Amino acid sequence: MADIQSSGQDSVYVKAAREAVITGIIAFGLFFLVIGFRTDQNINNELVLAQRWGLLAIFVAVAAIGRFIFAAFITPSREQAKLAKSKVPAAAKIDRRSLKATVSRFGLALLFTYPFVVILILALIQFAVTGQWSFQSGVQGSLKYVDNFGIQILIYVMLAWGLNIVVGLAGLLDLGYVAFYAVGAYSYALLSAHFGLSFWLLLPMAGIFAATWGIVLGFPVLRLRGDYLAIVTLAFGEIIRLVLINWTVVTKGTFGISGIAKATLFGIPFTPGPTGFAAMFGLPNSGVYYKIFLYYLILFLALLTAWVTIRLRRMPIGRAWEALREDEIACRSLGINTTTTKLTAFATGAMFGGFAGSFFAARQGFVSPESFVFLESAIILAIVVLGGMGSLIGIAIAAAVMIGGTELLRELEFLKLIFGNDFTPELYRMLLFGLAMIVVMVWKPRGFVGNREPSAFLHERKMISSEFTKEGHG
Amino acid sequence: MVSEVRNNPSAVLRVEHLSMKFGGLIAINDLNFEAKRGDITALIGPNGAGKTTVFNCITGFYKPTEGMLTMTRQNGEEYLLERMADFVITKKAKVARTFQNIRLFSGLTVLENLLVAQHNPLMLSSGYTILGLLGFPTYKKAAADAIEKARFWLQKINLIDRADDPAGDLPYGAQRRLEIARAMCTDPELLCLDEPAAGLNARESAELNQLLLSIRDETGTSIILIEHDMSVVMEISDHVVVLEYGTKISDGTPASVKNDPKVIAAYLGVEDEEVVELIEHAAATGADDITAAVDLLSTEAIQEITETHPEAPAAATAEAAAKPAGPAIKAGATANALAAPRGGTPDNLTLIKGIGPVNERRLNEHGIFHFDQIAAWKKADVIAAEAYLAFDGRIAREDWIGQAKKLAKESQGKPAAKKTGGAK
């Protein structure tokens, strides 16, 4: 038995090596002309042929090694995992569920302490390097991590959770979600600039305006399904953007609106002066406090979205949304008014987009139509699809991976050592996006968390496999 | 018939002069029947007879072309279903339905399927979601009640153990039962079941019968069902309505319907050669005449059946025999109609392109026998002829008069024109 096992292992490596060689040859054939040569102009405007054998070797090596790792380790381990999974008794499954609950509780705790954890870690690193304890240096260094990672990811988490109501629960494919984000951002920017209203008043108003626009969009698309719905919502997103560009009297067109008022903590502004936050609490002046405040604000807004979504799923309206996704005709045969059901889905989703928009305006201090292009809608939708439609945790993970991964690319300076000095990793973020989507869709076609949690149960709460749930018909 | 329907207070649903046309296709043609309160009414007929269309009209998925559908609720309220949107019919008029191809929410659990059906009362008790979202106790109580109701129905359909499984995971027979339970959770007074026994085995079918009888007896819900399985129909229904080609051919108790020769003809069908003949008729005369051709064939079929089953009631036979009485000129004839063909032999009118045997018969009935008669038609005559031929503009389009003039000339030249049988 044992030697059969070992000979099997050997043959796996041999097979993997063979596959790696073949892959290397194919990669060489593919990249030989594309990467190996480069046409360039010299100073006399003559065409010269530059040879890049080193780069070509790197490409071929990456392909071959990748194939080897895949064939030798990943495929066998996946097969073993599949084998093991089929043997797992029911008790282990319950363990997994409690593990999941622990993970989500741990994740929540991490979210609440994230800024302080970052400060602490940075201070410890400083301590390890210089040998002197300085909490303040950690505070200063945390700015980037709280702002670029924390706030940025949470904005997308909130947007994706908002879109999840429309796409994941009600099954209505909305490609123009960024329009509601824009409505929220511009309502805050314009109303605070012209009337000097405070952030806390304008936050709910932005939500209400966006919800109104959600209903405005909802009416014409009530009868549309699938591709047609997607196209009309996409057009709606573009209309809002074009109006923002061209209605220069109000929106200042492509120049955007700058100098938007910051949010305050119960009337305490985050300004350097004597009435500011830092002075009042006896802290040294720093821009970090505002960022940390914004972090908790967006965390609160995102968790509000999650809480409302969880509550709504247990309400008749939430069940009607999911039933609508499963079968609209059956819904109508049960006396459910599908018109108002669809409109409430659009309005609720749009409202959270509006909240996120007004937060975005308060955080940036500047809005312009460039922030609300179609690509944003596509990214938000991609996060929802990757995370698993309807699953809050899956979507949060997807947002962290996609947005965090994009931000992380900026940090990967060492790649310049391999690919040359003019290599800018952040330009490859779309490549990363595409790769991640392909990988997830092959590995888990219904997203990270494809299983659906039932909204009510009689005996025990069983997860519903994704093979039974439908994506909706648009 | 109609007045009897209108005056009957025990009817839960009255269908009067219901017609449904899809373009040129007449799916239902002037249908009248009623379903009594507390009865199981079966709607049967061959495939394509328009049964599901009747259901779709009753439940508002189609708007009927003509007709009136009156639903009378237990409290005496009357609803005209043809004027209401589909979801309002379930909500206000309390008519629930199931579908021929099961339409469960396959990704929701069995329990959730039953909770979705209680959407409207739950929506009210949750204060249109707002009070429920804030955690008011009224909603909590209503939600618990809704689950209790679902539990009741799950016990009734024997699915209580599978309450937390996805509905799409259930076997076929269980899905059928669940769909009925889901419809019952909307508290209907009229339950429309579209082929509930389709795809069930004998045991499941017997269980279904028990379920339907208990629904009728315990909740007092009236049931209309479409069914092909005669064992179900004959065993549980109190009243049977038989449709064929969108018209009612029989209506009564299961026993009387079973022996109706028209029903037997519709179900046994006419013989194959006759079907071929029918298609030829149709091809020769244009699609408009298909109903006339069907009439002709079914009367023939009834004739045959009464010959072979002499014990069957003779009502239909009498009607069939009374039909072609003789060449008496009917009302609405054209100006130059004749009582009989000149010289005893009519011209072969089918030589005119567009006139088939059925139209020729109709023209003869109206006193048109010769080409020169058609050739002499004026505008008013054309209109009169179109009225009984049920054509619009076809006479002008196909230039019957021009053709007839030419043929009349020819036949004058050759007095004994050879009579060909076919249309072309």
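No experiment lies behind these values; they were computed from the predicted model shown. In what follows, chains carry the letters A, B, and so on, assigned in the order in which the sequence lines appear, proteins first and then strands, with residues in each chain numbered from 1. Computed over heavy atoms, backbone and side chain alike; hydrogens, waters and symmetry mates excluded.
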Residues of residues 110-117 of chain B near chain A, each having a heavy atom less than 4.5 Å away: B:L111, B:E112, B:L115, B:V116, B:A117
Chain A shares the most heavy-atom pairs under 4.5 Å, among B:L122, B:D165, B:D164, with B:D164
Other residues, nucleotides and ligands only: do more than 12 of their heavy atoms fall within 6.0 Å of NZ on B:K63? yes
If you look at every heavy atom in A:A330 and B:F105, which pair is closest and at what distance? CB-CE2, 3.8 Å
Heavy atoms, side chains only, cut-off 4.5 Å: are B:Y139 and A:M315 in contact? yes
Mind ranking B:T59, B:L108, B:L104, B:L154 by heavy-atom pairs under 4.5 Å with chain A and telling me who comes out on top? B:L108
Passing candidate, side chain to side chain contact (heavy atoms under 4.5 Å, CB included) with B:H119, options A:L334, A:I336, A:N337: A:I336
Interface moiety of A:R319 toward chain B, non-hydrogen atoms closer than 4.5 Å: both
Heavy-atom check, side chain of A:S333 versus side chain of B:F87, under 4.5 Å: no
Just wondering, more than 12 heavy atoms not from A:Y228 lying within 6.0 Å of its OH? no
Between the main-chain N or O of A:P454 and the side-chain N or O of B:T109, is there a donor-acceptor pair closer than 3.5 Å? no
Looking at B:G168, B:P166, B:A163, B:A96, which makes the most heavy-atom pairs under 4.5 Å with chain A? B:P166
Sub-4.5 Å heavy-atom contacts with chain B: which residues of residues 345-353 of chain A show up? none
Flag if over 12 foreign heavy atoms under 6.0 Å of CZ, A:F300: no
Please check: side-chain N/O of B:N120 versus main-chain N/O of A:G335, any donor-acceptor pairing under 3.5 Å? yes
Other residues, nucleotides and ligands only: do more than 12 of their heavy atoms fall within 6.0 Å of NZ on B:K92? no
Residue among A:L312, A:I329, A:I317 with most heavy-atom pairs under 4.5 Å to chain B: A:I329
